[in-house]
Amino acid sequence: MLQVLAMLYLWLKAGHVIFVVFWMAGLFMLPRFFVYHQELPENAPENAAWVDREKRLLNIILWPSLVAVWGFGLALAISGGWFTQGWLHAKLAVVFVLSAYHVWMADYARHLAAGRRKLSGRHLRMVNEVPGICAALIIILVILKPF
Ligand code: HEM
């Protein structure tokens, strides 16, 4: 029985890491799409193709991955009894920042689809550093478990 639970834990962890990879890939790609999109003149016919690409990336990769990462992550935390650990609390705080960034990106896509370009390409490139910094912090916390 213990062996089955341990196997299940490893399968949950595999599922978690698979969707972490998909989620991070999407979070890195979307602001790049925004930069290419915004480099077009506002009335260019290619705008519609970028709106479509952004929507697909959000609906096919980003939203399902966000749900799966949270689902697998919480299942791991419950089955491993990790909720008392400081590293998990710190990790969750950073994951909340990453999730807020995701929601902000989805909102930016809606504005862009309506023709509102709220940030410059330079600012979008700067904002694009957020997922990399968060991922580095999260991975250090979960692997080193420093507290
Ligand atoms: C959404 C909320 C999340 C929760 C509740 C959560 C929780 C957990 C838990 C409990 C583990 C198992 C730790 C162990 O067995 O040692 C784990 C593993 C892992 N998590 Fe998360 N996680 C979340 C999001 C993330 C995110 C966003 C990333 C990366 C950006 C991430 C990266 C990883 C990695 C790489 C592992 C494997 C670590 C190892 O095997 O040593 N997690 N997560």
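Note that ligands are numbered from 1 as they come in the structure, with each ligand's atoms numbered from 1 the same way.
- Of the listed residues (F34, F33, Y101), just one forms a ring pair (Phe, Tyr, Trp, His ring centres under 6.0 Å) with Y108, and that residue is F34.
- Under the 4.0 Å criterion applied to side-chain N and carboxylate O atoms, D52 and K55 are not assigned as salt-bridge partners.
- The protein atom (non-hydrogen) at minimum distance from atom 9 (C) of ligand 1 is L76 CB, 3.8 Å.
- The option with the heavy atom closest to atom 22 (N) of ligand 1, from among Q85, K145, K13, K91, is K91.
- Taking the centre of each ring, W70 and F96 come in below the 6.0 Å mark.
- Looking at W23 next to ligand 1, no N or O pair under 3.5 Å apart turns up.
- Shortest contact from atom 19 (C) of ligand 1 to any protein heavy atom: H16 CD2, 3.4 Å.
- Crowding of R122 atom CZ: a count of heavy atoms from other residues, nucleotides or ligands under 6.0 Å not exceeding 12.
- The aromatic rings of W23 and H102 sit tilted, their planes meeting at an angle between 30° and 60°.
- From the protein, the heavy atom lying nearest to atom 4 (C) of ligand 1 is G73 CA, 3.6 Å.
- Within 6.0 Å of NZ in K145 there are more than 12 heavy atoms belonging to other residues, nucleotides or ligands.
- Near A77, with a cut-off below 4.0 Å to any heavy atom, the atoms of ligand 1 are 10 (C).
- The contact set between ligand 1 and Y9, taken as ligand atoms under 4.0 Å from a residue heavy atom, comprises 12 (C), 13 (C), 14 (C), 15 (O).
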